[in-house]
There are 2 protein chains.
Amino acid sequence: MITKVLIAEDHQSVNISVQKILEELAIMNTAYAYYCDDALNMIAQAVRANSSFDLLITDLSFLPDGHKQVLSDGMELITAAREVQPDLNILVFTAENRPAIIDQLYNKYDIDGFVPKARNDARALKEAINEIALHRRYFPRHIRQLIDKKNAYSFSEFDITIITLLAQGMLQKDIPAHLQRNGIKPSGLSSVEKKLNQMKDALGFTKNEQLVAHCKDLGAI
Amino acid sequence: MITKVLIAEDHQSVNISVQKILEELAIMNTAYAYYCDDALNMIAQAVRANSSFDLLITDLSFLPDGHKQVLSDGMELITAAREVQPDLNILVFTAENRPAIIDQLYNKYDIDGFVPKARNDARALKEAINEIALHRRYFPRHIRQLIDKKNAYSFSEFDITIITLLAQGMLQKDIPAHLQRNGIKPSGLSSVEKKLNQMKDALGFTKNEQLVAHCKDLGAI
DNA sequence: TATACGATTACGGTTTCCCATAAAAAAAGG
DNA sequence: CCTTTTTTTATGGGAAACCGTAATCGTATA
C-alpha cells in the first residue's frame, strides 16, 4: 500500500498537477521538493524518523538556477536515495525520451516505473502508482519498444569515451595517449580505429561526424 | 484586456496547471487543445464567430502519437495562427532552452512572451499574461542573456548547410558538387574549408566533430 | 615449457583533410 | 572603361585519418 509519497520536480506547473493527482488517489501524505538535494534530505530524515516514504516520483532534469547543489539530476537523486533507503519505490516522470537514458533507468537503475510526460500522463501516473502498489513494474509498451529499438547498436563505455573525446576536439592519433593516462585497457591507435569502424559499420555510417550527431540525438554523450 | 485564452499543450499534467493558473487570474473564458491542429481549428472558428481569442499559450514540442497531424509543432502552429488571426497575442510556454530556437521565436516569429518551464513558472506565467495585457513583450532577463550568448557565433544558412551535410556523412571533398547541384552560391572546396575554419576559429574549436556536437546542443541542426 | 588462439598493437600505403599561397572572377570605385 | 578591392576558386605540400596486413602480447591448454 502506498500512503506516503515524495515528489521531486522542479517545474512548478508539473509539481502542482502531480500533487492534485495524488489527492485524487486519496494519497494525502505527500511532500514535494524543487531540488534534488532537498528531496534527498527529506528521504533521509523520514528514514531517521521511522516514517519513510513509500514512493518517490521524480523528474530527471533539474535546471540549475544559482543554488549550488550536490545532486544535479534525477539519476543522481535515484542513486543517492537508494543508498539511504534501498526499498524505496521509484517512479520516473519525465519528458525525456532518449532511448539510451530510458534503457539505463530500466536496466541499470532498476526503477519501478516510468511515465513519459505526454497527452494522457495524468491517467498514466495513476495507473503506474496502482501497479507499483501491487509490486509490479510499470513500463508502457511503447517505451519498451523504444528501448529495444535503440539496441540497433549498444554503445559500450569504451565507445562513448572515444566519441566524447572526438566531440571535444581531440585528434584521433592523440587518443591512445589519453587512454593510457586514464588506465583504459585497449589503448592502441588501431583499437580505437577498429572500434570506430565497428560502430560506423553497425549503424551504416561512414564518418565520425555522423557518430557524434547520432550519439547527441540518443543522449549517449 | 485579456479575457479569452487558448492553451495548446500536449502534456496533460501541464495543461491542467495552466488552466488552474488562468482561473486564479480570473480568466474564465478558456479553451485547451492537445494537438496543434485542434488549436488552429479553434482559433479559426473563433475568428469566424467574431469571438476571437486574445491570447494563445502554446508549447513548442508536440509528441506524435499516431493521430496524423498537419501541424507538427508549436512553431508551425504559430505561423498558421498568425495567418488566420494576425493580431493574436502569443505566449510560448516550454521547456525548450536551446538558444537558437528561442532566438528564432523572438526575432523571427515575433512572439509576445516566453516563459520557460522551471521552478517558478506558475508565477512567471501570471506575470507574462499581465505584461502582455499591457501590450508589453515578456522575456525574462536570463532568457535575453541566453539569446545574446548564442550570438558568440551566429550561424548562417550556409554554415548550417555545410555542417548538416557533414553530420549526414558527406565527404568534405564532395560538398562542392552538392552545393552546385542545389544552386548554392559559393561552392568551391576552398570556400567550404574557409567557412569551416571561420566557425571553428570563432568558437575555439579545432575539429569538425566539435562543430557537429555544438550545433546539436544549440538545436541548430 | 611449448603451442595455439584471440586480442591488441605496430606498420605502410592510400585517401581525405588541412592550410598557405596564387590565380581567377566578381564587385566596387573613380 | 580601367583600376582597386574583395570574394571565390584552384593548386600543392604536409598532416591526419583510413584500411589492410603483419607482428606482438596475453592467456589458456596440453
Side-chain angles (χ1 to χ4, degrees), chain A residues 151-218 220-221, chain B residues 151-218 220-221:
Chain A
N151 282 338
Y153 182 82
S154 168
F155 290 95
S156 70
E157 220 171 300
F158 187 65
D159 297 334
I160 300 302
T161 302
I162 294 175
I163 296 178
T164 302
L165 290 173
L166 286 177
Q168 286 171 353
M170 183 170 289
L171 292 178
Q172 204 162 302
K173 74 181 180 68
D174 293 335
I175 291 183
H178 180 274
L179 293 177
Q180 277 195 324
R181 276 197 304 276
N182 292 69
I184 297 174
K185 280 289 281 292
S187 69
L189 181 56
S190 290
S191 295
V192 173
E193 291 171 346
K194 185 182 168 187
K195 256 289 159 228
L196 284 169
N197 279 331
Q198 277 178 11
M199 289 189 272
K200 283 185 279 194
D201 192 51
L203 294 163
F205 294 162
T206 58
K207 306 240 323 160
N208 291 340
E209 283 91 334
Q210 286 174 286
L211 276 177
V212 171
H214 185 251
C215 286
K216 277 285 176 193
D217 286 337
L218 248 53
I221 63 171
Chain B
N151 283 338
Y153 183 82
S154 168
F155 290 94
S156 70
E157 220 170 303
F158 187 65
D159 296 334
I160 299 302
T161 302
I162 293 174
I163 296 178
T164 303
L165 290 173
L166 286 177
Q168 288 171 352
M170 184 170 288
L171 291 178
Q172 205 162 302
K173 73 180 179 71
D174 293 335
I175 292 182
H178 179 274
L179 293 176
Q180 278 195 324
R181 275 198 305 277
N182 292 70
I184 298 173
K185 280 296 281 289
S187 69
L189 180 56
S190 291
S191 295
V192 173
E193 291 172 347
K194 186 182 169 187
K195 256 289 158 230
L196 284 170
N197 279 332
Q198 278 179 10
M199 289 190 272
K200 282 185 279 195
D201 193 52
L203 293 163
F205 294 162
T206 59
K207 305 239 324 161
N208 292 340
E209 283 92 334
Q210 286 175 287
L211 278 177
V212 171
H214 185 251
C215 287
K216 277 285 175 191
D217 286 338
L218 249 53
I221 63 172

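Order of the sequence lines sets the chain letters (A, B, ...), proteins ahead of strands, with each chain counted from 1.
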I want to check one thing: is the phosphate of [N], taken as OP1 and OP2, less than 4.0 Å away from some side-chain N or O of [X]?
X: B:S191; N: D:dT9; answer: yes
X: B:K173; N: C:dC18; answer: no
X: B:K194; N: C:dC19; answer: no
X: A:K207; N: C:dC17; answer: yes
X: B:N197; N: C:dA20; answer: no
X: B:K200; N: C:dC18; answer: yes
X: A:S187; N: C:dT9; answer: yes

Can you measure [X] atom [atom1] to [N] atom [atom2] for me and round it to whole angstrom units?
X: A:L171; N: C:dC18; atom1: CG; atom2: P; result: 10 Å
X: A:D174; N: D:dA15; atom1: CG; atom2: P; result: 14 Å
X: A:I184; N: C:dA7; atom1: CD1; atom2: P; result: 20 Å
X: B:I162; N: C:dC17; atom1: CD1; atom2: C1'; result: 14 Å
X: A:Q198; N: D:dC18; atom1: CD; atom2: C1'; result: 15 Å
X: A:L166; N: D:dA16; atom1: CG; atom2: P; result: 14 Å
X: B:F205; N: C:dC17; atom1: CZ; atom2: P; result: 20 Å
X: A:I175; N: C:dT9; atom1: CD1; atom2: P; result: 14 Å

For [Y], does its backbone N or O pair with a side-chain atom of [X] as donor and acceptor, under 3.5 Å?
X: B:D159; Y: B:S156; result: yes
X: B:E209; Y: A:E209; result: no
X: A:T161; Y: A:E157; result: yes

* Would you kindly compare B:L196 and A:L189 by the position of their nearest DNA chain C nucleotide and give the one closer to the 5′ end? =>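 Whichever sits nearer the 5' end wins; that is A:L189.
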* To do: Would you indicate what A:K195 reaches in the nucleic acid, counting non-hydrogen atoms under 4.0 angstrom: base, sugar-phosphate, or nothing?
  =>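 If one applies the 4.0 Å heavy-atom cut-off, A:K195 turns out to touch nothing in the nucleic acid.
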* Have a look at B:E193 and say if it touches a base, only the backbone sugar-phosphate, or nothing, with a 4.0 Å heavy-atom cut-off. =>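 Counting heavy atoms under 4.0 Å across all strands, the contact made by B:E193 includes a base.
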* To do: For the pair A:F205 and A:H214, name the ring-plane relationship: parallel under 30°, tilted 30 to 60°, perpendicular over 60°.
  =>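 Correct class here is perpendicular.
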* Contact check, side chains of A:K200 and A:N208, non-hydrogen atoms, under 4.5 Å ->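 A side-chain contact exists here, since the closest heavy-atom pair is under 4.5 Å.
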* Between B:S190 and A:Q172, name the one whose nearest nucleotide on DNA chain D is closer to the 5' end. =>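 Checking each residue's closest nucleotide, the 5'-ward one belongs to B:S190.
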